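All figures in this text were calculated on a predicted structure; none of them were measured in a lab. Every number for a ligand or one of its atoms is a count from 1 in the order of the listing.
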Amino acid sequence: MNIKEFTNNKVIDESKQGQATVIKNDSENYTKSLYIESYGCQMNFSDSEVVASILSKEGYATTKNIDQADVVLINTCSVRENAEQRVRNRLQEFKKRKKDNPGLVVGILGCMAERLKHSLLEEEKLVDLVAGPDAYRDLPNLIVTVDGGQKAVNVLLSREETYADISPVRLDQGGVSAFVSITRGCDNMCSFCVVPFTRGRERSRDPETILKECKELFEQNYREVTLLGQNVDSYRWNLDSNGSPKDGHIESVNFHQLLEKVALIHPDLRIRFSTSHPKDMTDDVIQIMTKYKNICPYIHLPVQSGDTEMLEKMNRGYSREWYLERIESIRRIYPNCAISTDIISGFCGETEEQHQQTLSLMKEVHFDFAYMFMYSERPKTLAERKYADDVPIETKNRRLTEIIELQNKHSLESNQKQIGQIHEVLIEGLSKKSSDYLCGRNGRNSMLVFPKLKGLEKGMYVQVKINSCTSATLLGEIVL
Ligand code: SAH
Ligand code: SF4
Ligand code: F3S
């Protein structure tokens, strides 16, 4: 089953949720230890690296061992109820830890911190410190306040903060793939979604700082960057809301122009991006992808539902027909491009026919991969205020199972089609199951596993012939 209940991300798998961020202690100036655990989307994992960077300047080295920590931070997600429940359970464990070690500072970051604010301190008494996604520069002060015996909160959202000048300390030192945030926040207000409330208004990051970060990553031997935003297609720098250059600005940049600039850094630096929005993704983006071999042929284009009335209720800004037209454009301009999606089952008032529309859209598009979720009502959202969450849980569940079963069939078929082909793969390391095998992704974002050959290591590109597959993995051998 492919249910990723805790993430919308396309790279971090379930096993990495809740993993500690670890940074090598490469300075003697570190005097204190920070343990930081991340949940949720790629943006949160990327933010944890910003947090580690801010606190490293204050003398904090990160540790994998929670027993050694002076400060424990948990970077949280609110997207679905069960994501929050998992964090609450973890906080109870931290609370026990604090009983044995009263000096320990426990803090909550991210979307749940923003959503629940003071209540985590006052009613629930779970933590000492609460910092929302735009308040991380204030963490050193907040920790000092806690050390002084008080509780500390900063949940102010900003219209400007992009942490543009902060060079994130990488979670995966010596890794090959890194996340680079290009926008923060979201202005879309899909009716089911809590993100606009937890992340605030959308803002784009200065392209110069994005390019600088990507160049530095390449110099540090990273070979893949994923440009992150809740809606990357609405990236705009010095453009007004109609997409025209703002007065007095010579250099304006939109998303496809940014993609091109990043692609030009080096042909050996692969570029991915997430998430594309069907209402905003232009043909220019697809055209630029075909122009540069190092922009991966993969688009994540969440549909949510195959029914126009449901999409309207979800406030997604497109119809079934519009979505299918976007898919047609991708197929026409870039036939080999892989496409994945997100789907929600059992949104407010969803009828059996409307559910069938989702299945029929899936059959029409034949997604290579999908992240599938049961609708979970979120406080403050338009859907919570306006519509009844009236699809019984058993029905939501049954519909989700039907969606997952259909997608598994499509994923397998999409993998089977690749058998016999030779794909370029960026080696990520040893296969999880056997040290005699290596693993890595092709441009289409499929995971390939193949026997190890001498002299090969992570970060290298190899040509792999695909011999067989499961619905999740392609198996092959290196061809020289
Ligand atoms: N910005 C991205 C997605 C962010 S959230 C986009 O617009 O596509 C990631 C995914 O979680 C969404 O695509 C949606 O499928 C799912 N999701 C969001 N809110 C949800 C909710 N209340 N219940 C169930 N799934 C939800
Ligand atoms: Fe949520 Fe919609 Fe924004 Fe995505 S585009 S983060 S689903 S409001
Ligand atoms: Fe979750 Fe916040 Fe990301 S709600 S999906 S961590 S933006």
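T275 is not listed as a side-chain neighbour of H277, based on a closest heavy-atom distance of 4.5 Å or more. At a threshold of 4.5 Å between non-hydrogen side-chain atoms, the residues E49 and F45 do not count as touching.
Interatomic distance, S48 OG to I36 CD1, rounded to the nearest 0.5 Å: 4.0 Å. How far CD1 of I344 is from CD of E350: 10.0 Å, rounded to the nearest 0.5 Å.
Looking at ligand 1, you won't find any N or O of H277 less than 3.5 Å from one of its N or O atoms. Backbone and side-chain nitrogen or oxygen atoms of F192 are examined, and one is located within less than 3.5 angstrom of a nitrogen or oxygen of ligand 1. The shortest N or O to N or O distance between R316 and ligand 1 is under 3.5 Å. Taking only nitrogen or oxygen atoms, main chain and side chain alike, Q230 reaches within less than 3.5 Å of ligand 1.
Using a 4.0 Å cutoff on heavy atoms, T275 counts as a contact of ligand 1. K279 does not count as a contact of ligand 1, since none of its heavy atoms falls under 4.0 Å from the ligand. At least one heavy atom of R316 sits closer than 4.0 Å to an atom of ligand 2. Distances shorter than 4.0 angstrom occur between a heavy atom of S78 and an atom of ligand 3. Taking 4.0 Å as the cut-off, M43 does not count as a neighbour of ligand 3 on heavy-atom distance. Assignment of Q230 to the shell around ligand 3 is supported, since a heavy atom sits closer than 4.0 Å.
The atoms of ligand 1 that sit less than 4.0 Å from any heavy atom of Q304 are 8 (O), 12 (C), 13 (O), 14 (C), 15 (O). Within ligand 2, the atoms closer than 4.0 Å to a non-hydrogen atom of M189 are 8 (S), numbered from 1 in the order shown. Residue M374 approaches ligand 1 through these ligand atoms, each under 4.0 Å from one of its heavy atoms: 23 (N), 24 (C). Residue contact check: H277 has heavy atoms under 4.0 Å from atoms 5 (S) of ligand 2. In summary, the atoms of ligand 1 found under 4.0 Å from a heavy atom of V79, numbered by their order in the structure, are 5 (S), 18 (C), 19 (N), 20 (C), 21 (C), 22 (N). Of all atoms in ligand 3, listed by their number and element, those nearer than 4.0 Å to a heavy atom of C111 are 2 (Fe), 4 (S), 6 (S), 7 (S). Atoms of ligand 3 lying under 4.0 Å from at least one heavy atom of N44, given by number and element, are 6 (S). Under a 4.0 Å criterion applied to the non-hydrogen atoms of Y375, ligand 1 contributes the atoms 22 (N), 23 (N), 24 (C). In summary, the atoms of ligand 2 found under 4.0 Å from a heavy atom of P196, numbered by their order in the structure, are 8 (S). Using a 4.0 Å cut-off to heavy atoms of C77, the atoms of ligand 3 that qualify are 1 (Fe), 4 (S), 5 (S), 6 (S). Residue R378 approaches ligand 1 through these ligand atoms, each under 4.0 Å from one of its heavy atoms: 22 (N). Within the listing of ligand 2, atoms 6 (S) sit less than 4.0 angstrom from a heavy atom of V195.
Proximity of C186 to ligand 2, defined as any heavy-atom pair under 4.0 Å, is confined to the side chain (atoms from C-beta onward). At a heavy-atom cutoff of 4.0 Å, ligand 1 is contacted by the side chain of R80 but not by its backbone.
Across every non-hydrogen atom of Y35 and N65, the tightest pair is CD1-C, 4.2 Å. Pairing each heavy atom of D134 with each of S158, the nearest pair is OD2-N, 2.8 Å. Between R320 and E364, the shortest heavy-atom distance links the atoms NH2-OE1, 3.4 Å.
A donor-acceptor contact under 3.5 angstrom links the side chains of Q407 and S411, judged on distance only. With hydrogens and angles left out, the side-chain atoms of N315 and S191 include no donor and acceptor closer than 3.5 Å. Of the N and O atoms on the side chains of T395 and R398, not one donor lies less than 3.5 Å from an acceptor on the other residue. There is no side-chain donor-acceptor pair under 3.5 Å between D47 and N75. Side-chain contact, Y39 with E37: a donor N or O sits under 3.5 Å from an acceptor N or O. S234 and E202 share a side-chain donor-acceptor pair at under 3.5 Å.
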Check the pair R399 / T358 against side chain to side chain contact (heavy atoms under 4.5 Å, CB included), numbers first and verdict last. CA-CA 10 Å; R399 290 180 187 167; T358 296; over 6 Å; no

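Atom 1 (Fe) of ligand 2 lies under 2.8 Å from an N, O or S atom belonging to C193.
When only non-hydrogen protein atoms are considered, atom 6 (S) of ligand 2 lies nearest to Q230 OE1, 3.5 Å. Given atom 5 (S) of ligand 2, the protein heavy atom at minimum distance is N188 ND2, 3.3 Å. Nearest to atom 2 (Fe) of ligand 2 among the protein's heavy atoms is C190 SG, 2.3 Å.
Under the side-chain contact (heavy atoms from CB on, under 4.5 Å) test applied with V180, the options C214, P168, S46 reduce to a single match, C214. When E377, R316, R378, E384 are each tested for a side-chain contact (heavy atoms from CB on, under 4.5 Å) with F192, only one passes: R316.
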